[in-house]
Amino acid sequence: MNLKKNLNLIKDLTVFVAYNTDIDAICYLNEDFEKKFSKNEFKQALKEEPKAIKNKVDLLSGILRSMRDNNAEELPILNPKMVEFLKNNIKPEEKRMGGQAGIMSNLLSTLGCKTIVYTKLLSKKQSNLFRDNENLFFPKVNKTLKLKHPKKCSKKVKTKTNWIFEFKKGSMVFSTKAKGSNRFIAASRPEEINLEVEKLEKHVKELANLCDCAILSGYHDLKKKYKDGSSYLDHLKSAEKFLEKLKKENPNLTVQVEFASVPDREMRSEILKRIVSKADSLSMDRSEISSILKVLEKEKKLTSIIEYYKALEKIFEEFEINCVKIHTLNYFMGIFQDYLNPKHVKKGLLFARDLGASRIKKGEIEDKEDVKIAEGIEVSRKGKKERKKFEEFLKNSKGEKLEKGLYKLKDKYVVLIPTKIVKEPKRTVGAGDIISAGSFALENALEKSGGK
Ligand code: GLC
């Protein structure tokens, strides 16, 4: 991979990123954590399948399930007493930039993209977590639209905090063993987060024409009901209009939606219908793809690569999106049609593989040079095996191998890239965002440059 060349191309790209930022209070699970719960609570937690955190048992249950199934889960905290419980009982080891928009805009601007990030709760504390990159901006509206560093745009508003429980493969809480290194998120739901863009609404045309592409996420942060009587659906409808307007004002703008954990089925279904179906590309992880499928058909467990391929195909057809991508531990896969140049999509994912591995190993990509960390990391053997399985399936289905990792099956392109496996992950939260943002930025930069 030619890092220098990739970074050179990325420099010419302008990306708009919205909506979600928060402070991630990161806790590494250890024996002390267990002491906060009784044996009885543990027994109860094993039986439950919570959709939200209303008490201690729900919290423990979410964490145990995530460990047992190696699933990156997130549940909303719906009881203020539980926020108090967390504040009083768990001491986070780090506080970092959280939320897809926050994590992605820090990464993209570090890589050199001109990055415009919009988020609603830009408190002083929140804005301080944005890096001091000269090419990172907030779209500030004061009659006219001006681009200023987020730190210069902070407001007197609440700060959203999410609690991240990171665990390592093999670690134990009571008798539950972690199947892999992963994380569970207990997420706050401030009343103020509603995806409204306020004054920016009047400047969508200008904004859309400043950018080559956009990454949208944070729809999962909506509340079902708001104190002013509005509902998630009212706000989702305005977000839908905003997206439609972005696309109308700049039809060349490529839009990617980053999915997230949405435990409420009805909300999930509306996000898919109103938002995802209007984007060009959808990016998901393993738990997200299963949750999307649950909206479309009876629940079934996805294990083999062929099942994942079929799931991608189903989502592609159902929501009529040009490109659907998934990032898993051992491979990334994308299927697309009428999207960007297939070779650009493949190069994007190869770049993302190094970004992901470097981030998981170091915990953060703070500098362009950090991407080099991945050079010494081995490609997943399991991922390569899965690729072989897929190639067998391709042969039997009369598909065509165009080059290594790039295929044509039926009328769609398929890209399949084995990941690089980090043996001792430093931190996993946000790694998927790095992968999605990195691949999307490079594929768009390559497209912009005409593939040079
Ligand atoms: C979700 C969580 C946020 C976390 C992010 C990482 O947006 O709400 O806390 O930082 O995912 O992907």
Side-chain angles (χ1 to χ4, degrees), residues 17-28 52-53 59 62-63 66 71-78 83 86 90 92-108 117-121 125-126 129-131 158-167 181-190 192-195 215-223 256-264 267-268 271 275 282-289 291 325-329 352 355-356 359-360 363-365 425-440:
V17 188
Y19 294 83
N20 59 330
T21 58
D22 65 75
I23 294 192
D24 278 351
I26 304 186
C27 322
Y28 296 92
I53 300 171
L59 171 70
I63 293 173
S66 221
N71 246 355
E73 273 310 331
E74 172 170 342
L75 292 179
I77 308 172
L78 294 187
V83 175
L86 287 164
I90 315 266
E93 277 165 66
E94 306 174 80
K95 288 195 173 174
R96 310 197 74 99
M97 171 65 92
Q100 276 86 4
I103 295 170
M104 289 180 173
S105 54
N106 269 348
L107 169 86
L108 292 173
V117 57
Y118 174 80
T119 191
K120 180 119 187 251
L121 289 189
K125 264 194 202 160
Q126 186 70 60
L129 292 182
F130 282 99
R131 297 204 183 128
K158 242 191 215 159
T159 305
K160 171 176 160 70
T161 301
N162 284 352
W163 296 77
I164 319 291
F165 296 93
E166 288 268 348
F167 48 82
S181 300
N182 217 321
R183 49 65 172 180
F184 170 80
I185 303 180
S188 68
R189 286 285 178 269
E192 293 79 357
I193 292 190
N194 56 15
L195 308 182
I215 309 180
L216 302 176
S217 63
Y219 303 95
H220 66 295
D221 279 349
L222 282 171
K223 284 166 78 90
Q256 174 157 292
V257 168
E258 182 68 26
F259 214 73
S261 171
V262 188
D264 187 278
M267 258 174 89
R268 202 183 318 135
I271 294 172
I275 308 293
L282 167 69
S283 173
M284 306 159 277
D285 69 14
R286 214 164 40 88
S287 12
E288 289 152 10
I289 194 170
S291 78
K325 294 182 197 140
I326 177 177
H327 43 89
T328 72
L329 181 66
L355 287 174
R359 157 74 193 256
I360 293 171
E364 203 62 74
I365 294 180
K426 177 107 187 266
R427 195 157 15 90
T428 65
V429 66
D433 305 336
I434 299 297
I435 292 161
S436 303
S439 70
F440 184 67

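Order of appearance sets the numbers: ligands from 1, and atoms from 1 within every ligand. All figures in this text were calculated on a predicted structure; none of them were measured in a lab.
- By the side-chain contact (heavy atoms from CB on, under 4.5 Å) test, S188 pairs with K160, N162, P190, sequence neighbours left out.
- Under a 4.0 Å N-O distance rule, the pair R427/E364 qualifies as a salt bridge.
- Taking each heavy atom of D22 and G99 in turn, the nearest pair found is OD2-N, 3.2 Å.
- In this structure, R189 pairs ionically with D221, as a charged nitrogen and a carboxylate oxygen lie closer than 4.0 Å.
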List, for ligand 1, each N/O atom that has a protein N/O partner under 3.5 Å away, with both atom names and the distance.
from     : atom 1 : to   : atom 2 : distance (Å)
ligand 1 : 7 (O)  : N20  : ND2    : 3.2
ligand 1 : 7 (O)  : Q100 : OE1    : 2.7
ligand 1 : 7 (O)  : H220 : NE2    : 3.4
ligand 1 : 8 (O)  : E74  : OE1    : 3.2
ligand 1 : 8 (O)  : E74  : OE2    : 3.0
ligand 1 : 8 (O)  : N162 : ND2    : 2.9
ligand 1 : 9 (O)  : D22  : OD2    : 3.2
ligand 1 : 9 (O)  : D24  : OD1    : 2.7
ligand 1 : 9 (O)  : N162 : ND2    : 2.8
ligand 1 : 10 (O) : D24  : OD1    : 3.4
ligand 1 : 10 (O) : D24  : OD2    : 2.5
ligand 1 : 10 (O) : G99  : N      : 2.9
ligand 1 : 12 (O) : D433 : OD1    : 3.4
ligand 1 : 12 (O) : D433 : OD2    : 2.6

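- When all heavy atoms of A101 and V17 are compared, the closest pair comes out as CA-CG1, 3.6 Å.
- When all heavy atoms of V262 and M267 are compared, the closest pair comes out as CG1-CB, 3.9 Å.
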